[in-house]
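Quick note on labels: first sequence line is chain A, next is B, and so on, each numbered from 1. These figures come from a predicted structure and were not determined experimentally.
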There are 2 protein chains.
Amino acid sequence: MSGFGDATAVKQVGEGRYEIVLDGGYAIGEALNGGYLMAVMARAAVDASPHAHPISTAANFHRVTKAGPAEVVVESRKAGRTAAASLVSLVQDGRSVVDALITTGTLDAAAEPDWAGEGPPAMPPLEECTDFRPPSGGGFADQVDMRFDRSTMGWLDGRPSGRPEVRGWFRHHGDEPLDAYSLALAVDALPPVVLNLDAQGWAPTVELTWHMRAVPAQGWLAVHGTGRLLADGWFDEEVEVWDSADRLVAQSRQIARVPRTRG
Amino acid sequence: MSGFGDATAVKQVGEGRYEIVLDGGYAIGEALNGGYLMAVMARAAVDASPHAHPISTAANFHRVTKAGPAEVVVESRKAGRTAAASLVSLVQDGRSVVDALITTGTLDAAAEPDWAGEGPPAMPPLEECTDFRPPSGGGFADQVDMRFDRSTMGWLDGRPSGRPEVRGWFRHHGDEPLDAYSLALAVDALPPVVLNLDAQGWAPTVELTWHMRAVPAQGWLAVHGTGRLLADGWFDEEVEVWDSADRLVAQSRQIARVPRTRG
C-alpha cells in the first residue's frame, strides 16, 4: 500500500507538464475517486505556482478515469501576488478527463477567524460509528479510514432517512498526516447524500468546487454532507470539513446527475 | 438604455468565437459586474452547445473588465447527450479577463422537485424595502431594480448587523422578462455580505460557481446572500435565488478577498 503522498506525487516533465501513474487504490469500482484526482491536479497547480495552497478548485468531470498513466497540464492564467490562477487538465489516453480552474494562495496556519458562523456538526464518538465499505469494491476503503454516523446511513439497510445528509469521521489509513491535498479527498469521500432519498446506483459528479479555508490540524476530520434540491435529474451536495481544532478547513458544493430513484 | 437581452447578445464570428461590445450600463464604478460577464459567457456557451441552459458555471475573475469590445472563446470539452462542457474565456485587449467552465443541459420548465429543503427566506414586502444605489456610481442600478431588506443593510448607516447576510428583491428595470441569464446576474448582484462585518471598500471576487436549478417564473426574484467564514483575508458568500413561485432557481458560492476591516 502506497501512502497518499506517494499516490498523488506528480513528476514534472516540462513547463507546466507533469506525469503520474494514477493509483488504483483510490478507485471505487473501476472509476478513480474525484477527490483523489483533484488532489493530484492541485499538487501540480501548486508546484507550478508561487503559492503554497490550493485555495479554490472548480472541477468538471468529463469521463471515467482509470488507474494507470496520466498527464497533468497546467496553464497559468494569472500570476498575482496574493493569488495565482491556472487552468489544469488531467489527460488520459489523449483526452482530457477532468478540467479544473485552480487558484493558489498561501494561508497562514496561525490565522484566527475574523468571523465564523455555526460550528461543526454534532457527531457521535468514533466507537459508535460504522466503518461501512462500499459494495462496489475497489481500494478506496483501504486508503481512507471513514467512520459514519449511523443515523445518516439508514439507506444501507433499506431505511433511507428521507433527508439528504451523511456525516462521518475521516483520516488516511495508517493515520498518515493530513495536508491541503487531503482536503480535496475529504470533500468527495462521502457516499452520495441522495442515497437517503432512496436513490439507487451511481451518481456521477458533473461539477465540484471546493475551497480550502485553513491549514488542517492533525487528527480526525469531521465531514458533513447535505443537499438542497433534487429536481429534474440533478442534485446538489454541499460538504463541510472540520479539523480536530473545530475549524472549518474546507467547503464544497457539487452538482451531480441523480441515480434512478425507486419512486 | 438597452435591455438585458441586447446587452448580453453575442455575435458569432467563427467556430466557438463570439464578439460583443460590453455595455457600460452594467458597471459598478469602472468595473463591469461579474454576473453580467457570466451572463454574456453563458449565452455564448449555450449558443455553441446542443442544450438550452447553463446548468453549471465556475468562473475565475482575473482582471477588471471594462465597457467596450471583447471576444468570447468557447472550447468544447465534452459534448454529451444530457450535458455538454466547455471552457469559455472572455478576452479583452488580448488578455483573458475571465475564464469559466460552463456545463449546459436542458431543464424541463414543468419539472416538480423530487425533494427540496428549507423554503425561501422570509422577506419584507417590496414597499418596506430600500432601493439603495451604490455610491461608487455606474449604471448598474439603472439596469437592475433591487429592493433590499433594511434589516440587512445596517452597514449603510454605519450600523453593520454583525452577521454576513444581505437579502433583497431583484428584477430587471422596466420589468424585462427573466431568463436563464438573468440568474447569472442575480447571483452576483448583492453588495458583499461582509459589509455587515464592518468590512470597507471593494471585495474582488476570485472564484464564483453558480448552478441553475430551474427555469424561473416571471416576477420578482428573492435573492438571499450569506457567508460562513471570514479568515486570513478570504471570505465566502453563498447566494440562493428564489422565483415568484417560491422555487429555488439558482444557488452560488463565491470566494473573495476581503476588503479592509475597521478592526
Student: Which pair of non-hydrogen atoms, one from B:N60 and one from A:T103, has the smallest distance, and what is that distance?
Tutor: ND2-OG1, 3.5 Å
Student: When rounded to the nearest 0.5 angstrom, what is the spacing between CD1 in A:I255 and CE in B:M212?
Tutor: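 Here the interatomic distance stands at 11.0 Å.
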Student: Among A:Q251, A:E112, A:H62, A:E207, which residue forms the greatest number of heavy-atom pairs with chain B at distances under 4.5 Å?
Tutor: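 So the answer, after comparing A:Q251, A:E112, A:H62, A:E207, is A:Q251.
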Student: Among A:E118, A:R63, A:R77, which residue has the highest count of heavy-atom pairs closer than 4.5 Å to chain B?
Tutor: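 The residue among A:E118, A:R63, A:R77 with the greatest pair count is A:R77.
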Student: Under 3.5 Å, is there a donor-acceptor pair between the side chain of B:R213 and the main chain of A:W234?
Tutor: yes
Student: Between B:S252 and chain A, with a heavy-atom cut-off of 4.5 Å, which part of the residue counts as in contact: side chain, backbone, both or neither?
Tutor: backbone
Student: Does the pair A:K78/B:D99 count as a salt bridge with the N-to-O cut at 4.0 Å?
Tutor: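 Salt bridge between A:K78 and B:D99, a charged N being under 4.0 Å from a carboxylate O: no.
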Student: With rounding to the nearest 0.5 angstrom, report the CG to CH2 distance, A:L229 to B:W115.
Tutor: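 Reported value, rounded in 0.5 Å steps: 8.5 Å.
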Student: Name the option with the most non-hydrogen atom pairs under 4.5 Å to chain B; the candidates are A:A231, A:G80, A:G233, A:A214.
Tutor: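 Option with the top pair count is A:A231.
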Student: I'd like to know if the side chain of B:D232 and the backbone of A:D108 have a donor-acceptor N/O pair within less than 3.5 Å.
Tutor: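 Confirmed, B:D232 side chain pairs with A:D108 backbone.
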Student: Could you state the interatomic distance from CG (B:L87) to OG (A:S96), rounded to the nearest 0.5 Å?
Tutor: 9.5 Å
Student: Please rank A:S56, A:S89, A:A83 by heavy-atom pairs under 4.5 Å with chain B and give me the top one.
Tutor: A:S56
Student: Could you report the tightest heavy-atom contact between B:A58 and A:T209, atom names first, then the distance?
Tutor: CB-OG1, 4.4 Å
Student: State, yes or no, whether a side-chain contact exists between A:E238 and B:E238 at a heavy-atom distance under 4.5 Å.
Tutor: no
Student: Only pairs of heavy atoms separated by less than 4.5 Å count here; which of B:D236, B:L107, B:V206, B:L248 has the most with chain A?
Tutor: B:D236
Student: How long is the straight-line distance from CD of B:E240 back to CZ of A:R228, given to the nearest 0.5 Å?
Tutor: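 It is 4.0 Å, given to the nearest 0.5 Å.
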Student: Identify which of B:A111, B:G105, B:P164, B:G162 forms the greatest number of heavy-atom pairs closer than 4.5 Å to chain A.
Tutor: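 The candidate making the most pairs under 4.5 Å is B:P164.
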